[in-house]
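Reading through the structure tokens given below for one structure.
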Protein chains: 2
Amino acid sequence: MSASDLQANITADDVAVLAGVSRWTVNRAFKNNASISPATREKVMKAAQTLGYVPDLRAAALASDRSNLVALLVDDFNNPHKLVMLERLTRALRTRGWDTLLVNTLDREDAGPALMNASQRRVDATILIGIQFDDEVLATAHSARRFKKLIIFARTSQNPDTISIAVDDVAATREIAQYVMRRGYKRPLYLAGPRTVSAHLSRKETFVALWQEHTGFTPDAVSVAAYDPNLATEIIDTTLRPMAAEDRPDIVVCENDALAIGAIDCIKHRFGLKVPQDIAVIGFDDVPQAASANYRLTTYRQPISAMAEYLVDVLENSGTEDMDKMFLGKMVIRDSA
Amino acid sequence: MSASDLQANITADDVAVLAGVSRWTVNRAFKNNASISPATREKVMKAAQTLGYVPDLRAAALASDRSNLVALLVDDFNNPHKLVMLERLTRALRTRGWDTLLVNTLDREDAGPALMNASQRRVDATILIGIQFDDEVLATAHSARRFKKLIIFARTSQNPDTISIAVDDVAATREIAQYVMRRGYKRPLYLAGPRTVSAHLSRKETFVALWQEHTGFTPDAVSVAAYDPNLATEIIDTTLRPMAAEDRPDIVVCENDALAIGAIDCIKHRFGLKVPQDIAVIGFDDVPQAASANYRLTTYRQPISAMAEYLVDVLENSGTEDMDKMFLGKMVIRDSA
DNA sequence: ACGGATTTTGCACGCGCGTGCAAGAAAAAA
DNA sequence: TTTTTTCTTGCACGCGCGTGCAAAATCCGT
């Protein structure tokens, strides 16, 4: 019998009688911009303190149809960049009064159920930062369930029912491609991740097109099923293994840092080659690891914090104007390319 | 005007009239072990489908005082092991019908508000996988707010109001210490993280005690303010820099892999030394990175999945018996020590 | 101290579903 | 067919708070 079960559930009514006010005044005391006199608020807060009362956000959400809750659907937990995104998003959200429901999209078939899950909690918005949400899933999601807002974070989407907050992949890839050319690399290999969205303007497609346009040659490209360093290591291995030394790429351009890190590991430890002298590597995201002495990865930094802040702007703004937004990041030149 | 605002909120009543049953039957159709005939369930589900109805879990939680929601309070996002824990926990929880509220404990002062946050959502349990929850915070938390369950995951805690699910640090550290001795290392340096809990049986204390007991010597130990590879790199640098080569440790025993990885980076790239030939390194956790060709880290693997499953067992079991549990992991011998 | 302007407080009703039991329907037994 | 037994279905009440407005209290200048 701990002290807490003297009374099972302390409600605003209990606080009201103790403070000598009405229940509504109690709840007002906990609202930010409510019209309440400082004196009564203090009185109420003191009473709440002694009773250990905290407002019940379930009931508030039910009554107001506004939960201040967003669902964050995530897969691709092998990508270290996810941890960065999770931190920045939850920080921006929480700082500005929003809570986060983290939904692990277990596998490809789970995308629908995961969306359903969010819907059942009546969240104010659903944020997708995974890769397993193709257009088909989004379409059915939007028709079958009710989503107040469906936000794709850090990935562009041409779906009209969706708000996309992402880096301008075309501009970013152009900057990368120009850098690669300027540094005189001749035989790039593009290492891409899974292709779930019918993206005509993906990083890979953009890079390949730019390279063709400027050199006349079509660069090689390979892709893996997930943004997982280990998979990157394996595919670089099987790609380079049969090649004569002179046929090898002089740079591996990676869709993101997770792949770049795996590529570097492979180049250095499986082939005993030097980065960037033998084969250079370039990434995307600028994960914390990229700065480590081990990788010194040249990459492109996404402004995740700014994007997260904008996301909360979108949540707080219920206007109906187009809220898609593209951000510009910046290249971070280190030693790997 | 999207199709979804034909009717603002579709409730079980709407489905009921369409299906020709009562509202309660509708909700029963969505419950797992409800007594309902297959025929009517199908009829209800079909009606729900055409209306796009999904049960409202807010209302369900309010009415039943059971939310199937847990709060996960996390800080220490620099530690890559957090991503593993997040994945395993959310997977185990979601697979067995639990949702997760992810609360980013922004800083030391935020521990209280973060707990309050969870309390306001009336979660069925609060899980702490951060480091900023000392005994004081826990004590006030438990007295001031109502928590049905307060679970400390992957860290031992002697707090009686708390359920601790963790690896047996003493047994694990003993195994590590024995390994270090058996391999003939003579001058270990212990690299520890922040000391937030008044832990007499922490990994560091245990290692130091064991080493003293078996060799008579007290090993050096340093600690950093967070489980962050970059901090580990810096402190190893400042620790080794003034040392003569022959005074250097022959092995760095780290409280976890995040620190071990930073230590290896420093040893290899700041000092140009070889791991393990010049200085060996041993970690704890077995993060994915530890297996990479770059680190080949010898470490101790925590059975996170089993611990996560046990956590859900605890949630589903409302018995009052003591639910603390210690797990045994296993050493993973690679090349770093 | 007084009248009007302003701030502060109180309240009826509803948000959507769970609980536990009783009535009704169907199935099994006689 | 009738009587039990078992399975299905319906319902009154409450979970704790928000909304929007009206009543009450407080304030200001004169």
Side-chain angles (χ1 to χ4, degrees), chain A residues 7-45 47-48 51-69 97 119-124 145-146 148, chain B residues 7-45 47-48 51-69 97 119-124 145-146 148:
Chain A
Q7 183 174 356
N9 283 314
I10 297 141
T11 81
D13 286 298
D14 303 321
V15 180
V17 293
L18 180 59
V21 296
S22 73
R23 173 178 73 72
W24 294 271
T25 303
V26 172
N27 288 347
R28 258 196 218 93
F30 282 89
K31 281 201 62 173
N32 255 348
N33 300 328
S35 76
I36 186 174
S37 76
T40 43
R41 166 170 272 153
E42 193 180 349
K43 189 170 55 179
V44 169
M45 291 312 235
L51 291 178
Y53 167 79
V54 237
D56 186 333
L57 257 41
R58 296 172 307 183
L62 182 60
S64 70
D65 206 36
R66 203 160 166 289
S67 60
N68 266 263
L69 221 204
S119 173
Q120 294 197 169
R121 295 277 176 196
R122 299 295 193 265
V123 295
D124 290 337
R145 338 273 187 212
R146 296 155 316 195
K148 305 194 185 162
Chain B
Q7 181 175 356
N9 283 314
I10 298 144
T11 80
D13 286 299
D14 303 322
V15 180
V17 293
L18 180 59
V21 296
S22 73
R23 174 179 70 72
W24 294 269
T25 303
V26 172
N27 289 345
R28 256 195 286 265
F30 282 88
K31 283 201 61 172
N32 256 346
N33 300 327
S35 76
I36 186 174
S37 77
T40 43
R41 165 169 271 152
E42 193 180 351
K43 189 170 56 177
V44 168
M45 291 311 238
L51 291 179
Y53 167 79
V54 240
D56 187 333
L57 258 39
R58 295 171 309 181
L62 183 59
S64 70
D65 205 38
R66 201 157 169 291
S67 60
N68 265 264
L69 222 203
S119 172
Q120 295 197 169
R121 295 278 176 194
R122 300 294 193 267
V123 296
D124 290 337
R145 338 272 188 214
R146 297 156 315 196
K148 304 193 187 163

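Letters go in sequence order (proteins before strands), and every chain restarts at 1.
The nearest whole Å value for the distance from the CG atom in B:L62 to the P atom in C:dG14 is 17 Å. Taking atom CZ of residue B:F30 and atom C1' of nucleotide C:dG18, one finds them 16 Å apart after rounding to whole Å. The CG-P distance, from B:D13 to C:dG18, rounds to 12 Å in whole Å. As a whole-Å value, the separation of B:I10 CD1 from C:dC15 C1' is 16 Å. Between the CZ atom of A:R66 and the C1' atom of C:dG14 there is a distance of 19 Å, given to the nearest Å. When the C1' atom of C:dC13 is taken as reference, atom CZ of A:R23 falls 11 Å away, rounded to whole Å. Atom P of nucleotide C:dG18 and atom CD of A:Q120 are separated by 11 Å, given to the nearest angstrom. The CZ atom of A:R28 sits 14 Å away from the P atom of D:dC17 (whole-angstrom rounding).
Residues A:M45 and A:F30 have side chains in contact (heavy-atom distance under 4.5 Å, counting atoms from C-beta outward). A 4.5 Å side-chain heavy-atom check between B:K43 and B:V21 finds at least one atom pair inside the cut-off.
A close approach under 4.0 Å does occur between a side-chain nitrogen or oxygen of B:T25 and OP1 or OP2 of D:dG10. Remark: A:S37 is not in phosphate contact with C:dT7, judged by side-chain N or O atoms under 4.0 Å from OP1 or OP2. For the pair B:S22 and D:dG10, the criterion of a side-chain N or O lying under 4.0 Å from OP1 or OP2 is met. For C:dG18, the OP1/OP2 oxygens have a side-chain nitrogen or oxygen of B:N27 closer than 4.0 Å. Between A:K31 and D:dT19 there is a side-chain polar atom (N or O) within less than 4.0 angstrom of OP1 or OP2. OP1 and OP2 of C:dC15 both lie 4.0 Å or more from every side-chain N or O belonging to B:N9. Contact between the side-chain N/O atoms of B:T40 and the OP1/OP2 oxygens of D:dT9 is found at a separation under 4.0 Å.
Along DNA chain D, the nucleotide nearest to B:V21 and the one nearest to A:D56 differ in position, and the one closer to the 5' end is contacted by B:V21.
Contact annotation for B:S64: backbone-only contact, meaning every heavy-atom pair under 4.0 Å involves sugar-phosphate atoms and none involves a base.
At a cut-off of 3.5 angstrom, counting only N and O atoms as typed in the model, there is no donor on one side facing an acceptor on the other between the side-chain of B:R58 and the base of D:dG16. Applying the 3.5 Å distance criterion, the base of D:dT8 shares no donor-acceptor pair with the side chain of B:W24.
The minimum heavy-atom distance between B:V26 and B:V44, with the atom names listed, is CA-CG1, 3.8 Å. Nearest heavy atoms, A:N27 versus A:Y53: OD1-OH, 3.3 Å.
Comparing C:dG18, D:dT8, C:dG14 against the side chain of B:A63 picks out C:dG18 as the nearest.
For B:D65 and A:R58, the salt-bridge test passes: some basic side-chain N is under 4.0 Å from an acidic carboxylate O.
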